[in-house]
Amino acid sequence: MNVGPDDTARLLGLLFQSHPWHGLSIGPKAPGVVTVYIELVPADTVKYEIDKRTGILKIDRPQRYSSLSPEPYGFIPRTLCGDTVAALAAQSSGRTGLRGDNDPLDVCVLTERAITHGGIMVRARPIGGLRMFDGNEVDDKIIAVLESDPSYEGWTEIEHCPPVLVDRIQHYFLTNKDMPGASGPRVELAGVYGAEMAREVISRSQVDYRAKFGDLERMLDQSLGMTEDDRG
């Protein structure tokens, strides 16, 4: 039996689970609607995160204190907070000497529905974000709503969030790395931005990802001998 490129791609997909950072697609409607891989949910008393080498969800550390994620939290596949994202943060904040944290772009997903565990992918619509610095590293947090969640269907901008919800999200990200006895806060909030800026940050993070890792989807197509017509 002859095995063509489409068959090979399908077999690879059946035999191996995709690496959540590199193997999942950001989605055809990005940056307006994006794939998010959920690592952490509000009930988690340990911090989970992806092991970058294997793609397996691992325990990073127990949550020592009472600060728990207020909403499901994860990252956007095939994004990177690198030089292009850092340049935008520098331009917007007036800060110099900034660099990206070289991690995928973080996302907090708002939803009325209870998501009870991580290790899943969802579709989400960005409505804003928090510009955050960890020292001189840019560590933006995109705020999005779960796609097709009827309760948040009309939320298109960060202004649609109740202020208390935004405050709760800010408080978590400002304090979850702090330790008792530290001389000062480790993380600072440099601003809150809306949906247009969130989409720009996501687009730039895609540029940073391709600069470091290349266009993996196109590289896979080329290795399998697939053309634009094959992809449809």
Side-chain angles (χ1 to χ4, degrees), residues 17-21 23-52 54-79 103-130 132 139-178 187 189 192-195 198-199 201-202:
Q17 179 173 310
S18 297
H19 191 298
W21 185 10
L24 298 181
S25 170
I26 191 174
K29 297 182 180 179
V33 178
V34 296
T35 300
V36 178
Y37 182 82
I38 300 296
E39 298 171 288
L40 195 66
V41 298
D44 288 332
T45 56
V46 296
K47 184 179 183 298
Y48 297 100
E49 69 175 36
I50 281 295
D51 179 77
K52 290 181 181 179
T54 65
I56 295 173
L57 195 62
K58 67 177 183 179
I59 293 178
D60 179 49
R61 64 178 184 272
Q63 302 279 32
R64 295 188 179 185
Y65 310 108
S66 59
S67 184
L68 300 178
S69 176
E71 300 287 343
Y73 172 63
F75 63 85
I76 303 176
R78 296 182 186 171
T79 63
D103 283 335
L105 194 59
D106 296 323
V107 186
C108 189
V109 179
L110 310 181
T111 175
E112 181 194 33
R113 309 299 178 179
I115 297 178
T116 58
H117 62 87
I120 62 171
M121 55 182 285
V122 303
R123 302 289 187 195
R125 180 163 36 87
I127 62 170
L130 309 178
M132 306 198 75
D139 190 14
D140 279 36
K141 310 296 183 184
I142 300 298
I143 298 176
V145 297
L146 186 67
E147 179 75 342
S148 301
D149 188 327
S151 297
Y152 297 149
E153 195 170 36
W155 290 24
T156 59
E157 282 289 345
I158 193 72
E159 287 82 4
H160 296 150
C161 293
V164 67
L165 177 56
V166 179
D167 289 345
R168 192 178 300 143
I169 294 169
Q170 289 180 24
H171 179 265
Y172 171 71
F173 288 119
L174 283 168
T175 60
N176 73 323
K177 293 182 180 179
D178 288 349
V187 178
L189 175 67
V192 180
Y193 50 76
R199 292 190 291 268
V201 171
I202 293 168

Around atom NE2 of His171, are there more than 12 heavy atoms of other residues, nucleotides or ligands at under 6.0 Å?
no

Please find the pair of heavy atoms, one from Tyr172 and one from Leu40, that lie closest to each other, and give the distance.
OH-CD2, 3.6 Å

Could you tell me whether Glu159 atom CD has more than 12 heavy atoms of other residues or ligands within 6.0 Å of it?
yes

To check you understand the geometry: which heavy-atom pair defines the closest contact between Pro162 and Trp155, and what is its length?
CD-CH2, 3.4 Å

Should Pro72 and Pro42 count as side-chain neighbours, where that means a heavy-atom distance under 4.5 Å?
yes

If you define the side chain from C-beta out and look only at heavy atoms, does anything of Tyr193 sit under 4.5 Å from Ile158?
no

Less than 4.5 Å apart, side chain to side chain, heavy atoms only: is that true for Glu71 and Ile143?
no

Is a donor on one side and an acceptor on the other found under 3.5 Å between the side chain of Asp149 and the backbone of Ser151?
yes

With rounding to the nearest 0.5 Å, note down the distance linking CZ in Arg199 to CD1 in Ile142.
10.5 Å

Just wondering, do Val192 and Gln170 contact through their side chains at under 4.5 Å, heavy atoms?
yes

Identify the two heavy atoms, one from Ile38 and one from Val41, that lie closest to each other, and give their separation to 0.1 Å.
CG2-CG1, 4.0 Å

Verdict with reasoning, Asp139 to Lys141, per salt bridge (Lys or Arg N to Asp or Glu O under 4.0 Å):
CA-CA 7 Å; Asp139 190 14; Lys141 310 296 183 184; 3.1 Å; yes

Thr79 versus Leu105, closest heavy-atom pair with distance:
OG1-N, 3.0 Å

Return yes when atom NZ of Lys58 has more than 12 non-hydrogen atoms of other residues, nucleotides or ligands closer than 6.0 Å, and no otherwise.
yes

Cys161 and Ile127: which non-hydrogen atoms are nearest, and at how many Å?
SG-CD1, 3.6 Å

Side-chain heavy-atom pair Ile59, Tyr48 within 4.5 angstrom cut-off:
yes

Drop me the distance from Cys108's SG to Phe173's CZ, to the nearest 0.5 angstrom.
5.0 Å

Please tell me if the side chains of Thr156 and Arg125 come closer than 4.5 Å, counting only heavy atoms from C-beta onward.
yes

First locate atom CG of Leu189, then atom CD1 of Ile169, and finally report the distance between them rounded to the nearest 0.5 Å.
11.5 Å

To the nearest 0.5 angstrom, please state how far the CD atom of Glu39 sits from the NE2 atom of His117.
14.5 Å

Distance, nearest 0.5 Å, that separates CE of Met132 from CG of Leu174
4.0 Å

Scan Val36, Ile202, Val33, Thr35 and name whichever one has a side chain to side chain contact (heavy atoms under 4.5 Å, CB included) with Ile26.
Ile202

Which distance, rounded to the nearest 0.5 Å, do you find between the CD1 of Ile56 and the NE2 of His19?
9.0 Å

Trace of the side-chain contact (heavy atoms from CB on, under 4.5 Å) decision for Ile50 with Leu57
CA-CA 4 Å; Ile50 281 295; Leu57 195 62; 4.2 Å; yes

I'd like to know if the side chain of Trp21 reaches the main chain of Ile76, judged simply by a donor and an acceptor atom lying under 3.5 Å from each other, with no hydrogens or angles considered.
no

Does the side chain of Asp103 come within less than 4.5 Å of Lys52's, by heavy atoms?
yes

Closest heavy-atom pair and its distance - Tyr37, Gly119
OH-CA, 3.2 Å

